[in-house]
2 protein chains.
Amino acid sequence: MNFRGVVGNPLIEKLRAFVPFTEEDLRMLDELVVAEREVEARTDIIQEGDKPSDVHLVMSGFACRYKVLPGGKRNIMAYLIPGDFCDLHVFVLNEMDHSLATLSPCRVVAIPRARILQLLERPAIAKAFWIAALVDEATLREWLVNIGSRPAEERIAHLLCEMLLRLRAVGLANGDRYELPLTQNDLADTMGMSSVHMNRVLQQLRGEKLIEFQQHNLVILDFERLREFGNFNPNYLHLTQRALAANGNGV
Amino acid sequence: MNFRGVVGNPLIEKLRAFVPFTEEDLRMLDELVVAEREVEARTDIIQEGDKPSDVHLVMSGFACRYKVLPGGKRNIMAYLIPGDFCDLHVFVLNEMDHSLATLSPCRVVAIPRARILQLLERPAIAKAFWIAALVDEATLREWLVNIGSRPAEERIAHLLCEMLLRLRAVGLANGDRYELPLTQNDLADTMGMSSVHMNRVLQQLRGEKLIEFQQHNLVILDFERLREFGNFNPNYLHLTQRALAANGNGV
DNA sequence: CGAGCCCTTGAAACTCGTCAATGATCGTGG
DNA sequence: CCACGATCATTGACGAGTTTCAAGGGCTCG
């Protein structure tokens with residue numbers, strides 16, 4: 001058998017880094033992906049207050065969790081990239097306490113809760129989902145530290161390192177470069193700073209020859225230096241050695 | 001039967017706000033609390049890198065999750081109050097990516113994973129644990145917004161409102177006042193600011209007659225105004241109406 | 001070709017951090 | 001019971017980092 005998943009299903013690529021699967025597990029995970037829906041950029045998937053019934057899975061593109069404060073300031077609390085579940089919460093909480101939206105054009109799958117419950121009966125899959133949820137939480141903690149303690153320049157360096165590893169884990173990095181379909185304003189709303197300052201700080205990072213960033217294409221010119229500068233330790237992503245080392249499947 | 005839990009077990013008081021339990025559920029939850037251990041203030045419970053085998057539950061006092069950056073700056077990412085599990089993660093991740101420590105003197109229970117697995121077989125308890133974990137995550141998101149978007153004064157107002165509701169939910173608030181056994185330095189490390197600035201901002205809040213804070217006793221003088229000022233919306237705590245309204249069991 | 005979004009720049013104001021020193025409080029031991 | 005040291009709270013002065021406001025330029029798309 002040759003599952004699409006093995007080469008192109010980001011959910012499977014991601015979860016395989018946590019847990020070994022049987023062929024049957026892989027088949028079930030792959031069958032989860034039916035009726036992909038195209039969602040254009042900057043469109044809400046779910047809004048705060050909604051009582052959703054399906055679980056959403058991102059298959060391509062960038063989405064985010066966000067809240068908007070009364071003043072109108074948007075706050076991005078997480079990026080959702082291919083292979084990420086948006087809202088496994090649905091099972092136990094009856095109301096969304098934040099919103100989800102696409103940032104770039106996305107392909108999204110809506111999975112009925114019943115399907116998820118079926119999958120949870122397979123121990124390997126249940127464990128993989130569990131780990132994925134914990135890694136999301138660990139990432140949240142790391143973002144909290146990042147925003148709370150680091151100056152803007154290091155903060156961005158840290159984020160760019162994290163995104164490299166996460167995208168690599170699902171085969172979406174090409175060496176030390178990847179597509180980052182976000183505006184400077186999106187990045188600013190993520191890092192808790194103004195877009196003006198984000199612009200200046202990105203210029204600094206470019207000036208120091210740490211990165212290039214044009215047309216939504218990010219190139220990390222010296223990962224080791226960027227990692228050191230942003231004080232990035234990937235332990236919180238709980239990736240296997242294999243996934244850490246992988247160079248992405250590139251072209 | 002009259003369980004200790006019904007009146008004094010914070011774990012039960014907290015979980016009852018999420019899910020209704022049978023007598024048998026209550027009994028099992030109450031029996032979880034054996035061999036309480038006194039831990040003095042400012043002592044690590046688990047450290048980053050450890051591979052723990054037990055799950056820890058706080059029964060009294062304040063503890064926290066934290067990381068320390070290379071420069072030596074400590075970063076508090078969560079407060080753990082009576083009724084909170086420290087590390088349900090243990091089941092699936094093999095290494096702590098952060099540390100846990102007491103802030104005040106605490107009573108802590110160490111629960112073997114096997115005991116937890118037993119409890120998870122009871123649907124109501126499993127659901128309550130699940131919800132508690134999701135609320136922890138939602139709280140983390142809210143802290144991220146808080147630190148990322150609000151000026152220092154509002155940030156603190158928000159935190160103080162949150163702690164009021166959380167402590168009420170486990171019967172540890174007395175009307176609009178509660179014990180907050182933290183130093184200004186602890187608070188500063190939590191809110192991503194210097195202790196000098198924390199001091200000045202607390203003075204402002206006191207000057208505006210929003211709070212009093214002496215001898216580790218916090219009094220919220222005008223909750224409605226503090227809530228409004230800190231832009232606090234408790235939806236992310238997913239408390240029932242009952243728990244929201246409760247005035248704490250006070251004296 | 002124009003509209004709209006995004007990136008870029010400058011200047012001024014402000015929030016907040018750092019440094020350094022002084023008080024206040026508390027537990028401990030003499 | 002008081003002296004002591006340690007921890008914690010407070011204050012002032014200064015500077016760095018960051019925001020805000022405002023405006024101009026570039027690119028893309030209809």
Side-chain angles (χ1 to χ4, degrees), chain A residues 40-43 62 69 71-76 101-105 146-158 179-208 211-218 229-230, chain B residues 40-43 62 69 71-76 101-105 146-159 179-207 211-218 229-230:
Chain A
E40 64 185 13
R42 292 164 203 293
T43 307
F62 267 60
L69 300 187
K73 185 168 169 27
R74 177 185 61 162
N75 222 275
I76 295 178
T102 58
L103 290 169
S104 72
N146 201 27
I147 291 188
S149 307
R150 284 191 260 261
E153 208 179 344
E154 298 174 22
R155 219 184 286 180
I156 299 170
H158 189 281
E179 194 184 342
L180 188 66
L182 308 177
T183 66
Q184 293 185 1
N185 197 25
D186 293 334
L187 288 167
D189 287 351
T190 306
M191 307 300 266
M193 54 204 242
S194 68
S195 59
V196 170
H197 200 228
M198 173 57 73
N199 179 282
R200 296 199 234 257
V201 173
L202 283 174
Q203 286 181 52
Q204 274 185 266
L205 288 175
R206 287 189 303 234
E208 292 160 27
I211 62 167
E212 285 174 2
F213 187 27
Q214 287 164 13
Q215 322 299 120
H216 295 158
N217 261 12
L218 186 94
F229 176 70
Chain B
E40 64 184 12
R42 295 168 199 291
T43 307
F62 266 61
L69 299 188
K73 184 168 170 27
R74 176 185 61 161
N75 223 276
I76 295 178
T102 58
L103 290 169
S104 73
N146 201 26
I147 291 187
S149 306
R150 285 190 260 259
E153 208 179 344
E154 299 174 21
R155 220 184 285 178
I156 298 170
H158 189 282
L159 177 70
E179 195 184 342
L180 189 67
L182 308 176
T183 65
Q184 294 185 1
N185 196 27
D186 293 333
L187 289 168
D189 287 353
T190 305
M191 307 300 268
M193 56 204 240
S194 69
S195 59
V196 171
H197 200 227
M198 173 59 72
N199 179 282
R200 295 199 232 258
V201 173
L202 282 174
Q203 287 181 51
Q204 274 186 265
L205 289 175
R206 286 190 304 233
I211 63 167
E212 285 174 4
F213 187 28
Q214 287 166 15
Q215 321 300 119
H216 295 158
N217 261 10
L218 187 94
F229 177 70

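The figures that follow rest on heavy atoms only: side chains count, while hydrogens, waters and symmetry mates do not. Sequence lines set the chain letters: A, B, ... in the order given, protein chains first and strands last, and positions in each chain run from 1.
- A distance of 11.0 Å separates CE in Met193(B) from CZ in Arg200(B), rounded to the nearest 0.5 Å.
- In this structure, the side chains of Glu179(A) and Leu218(A) stay at 4.5 Å or more apart for every pair of heavy atoms.
- Taking atom NE2 of His216(A) as the reference point, atom P of dC6(C) lies 8 Å away to the nearest angstrom.
- DNA chain D lies under 4.0 Å from at least one heavy atom of each of the following residues of residues 198-206 of chain B: Asn199(B), Arg200(B), Gln203(B), Arg206(B).
- Counting only heavy atoms from C-beta on, Gln215(A) has its side chain closest to dT28(D) among dT19(D), dC7(C), dT28(D).
- Atom CZ of residue Arg74(A) and atom CG of residue Asp186(A) lie 4.5 Å apart, to the nearest 0.5 angstrom.
- Straight-line distance from the CE atom of Met191(A) to the P atom of dT19(D): 12 Å, rounded to whole Å.
- Of the listed residues (Val201(B), Asn146(B), Thr190(B)), just one forms a side-chain contact (heavy atoms from CB on, under 4.5 Å) with Arg155(B), and that residue is Asn146(B).
- When all heavy atoms of Thr102(B) and Ala41(B) are compared, the closest pair comes out as OG1-C, 3.5 Å.
- Side-chain nitrogen and oxygen atoms of Gln214(B) include none within less than 4.0 Å of the OP1 or OP2 phosphate oxygen of dT25(C).
- Toward the 5′ end of DNA chain D lies the nearest nucleotide of Asn185(B), the other residue of the pair Asn185(B) and Arg155(A) mapping further downstream.
- Atom CG in Asp186(B) sits roughly 12 Å away from atom C1' in dT7(D) (whole-Å rounding).
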Discussion item. For DNA chain D, please output the secondary structure as dot-bracket, reading 5' to 3'. Pairs are Watson-Crick or G-U wobble, both atom distances under 3.5 Å; mark crossing pairs with [ ], other-strand partners with |, unpaired with a dot.
Written reply: |||||||||||||||||||||||..|||||

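- Comparing atom distances between the His197(B) side chain and each of dA22(D), dT18(C), dG17(C) picks out dG17(C) as nearest.
- In this structure, the side chain of Ser104(B) engages the main chain of Phe62(B) through a donor-acceptor pair within 3.5 Å.
- Which of dT19(D), dT10(D), dC7(C) sits closest to the side chain of Thr183(A) comes down to dC7(C).
- Note: CD1 (Ile147(B)) to P (dG17(C)) measures 11 Å, nearest angstrom.
- One atom, CD of Gln184(A), and another, C1' of dT8(C), lie 8 Å apart when rounded to the nearest Å.
- In this structure, the side chains of Leu180(A) and His216(A) stay at 4.5 Å or more apart for every pair of heavy atoms.
- If you check every strand for non-hydrogen atoms under 4.0 Å, Ser194(A) touches a base.
- Of all heavy-atom pairs between Phe229(A) and Ala157(A), the closest is CD2-CB, 3.7 Å.
- In this entry the distance linking CG of Asp189(A) with P of dC7(C) reads 12 Å, nearest Å.
- In this structure, Ile156(B) and Met198(B) approach most closely via the heavy-atom pair CD1-SD, 3.4 Å.
- dC8(D) atom P lies 12 Å from atom CZ of Phe213(B), rounded to whole Å.
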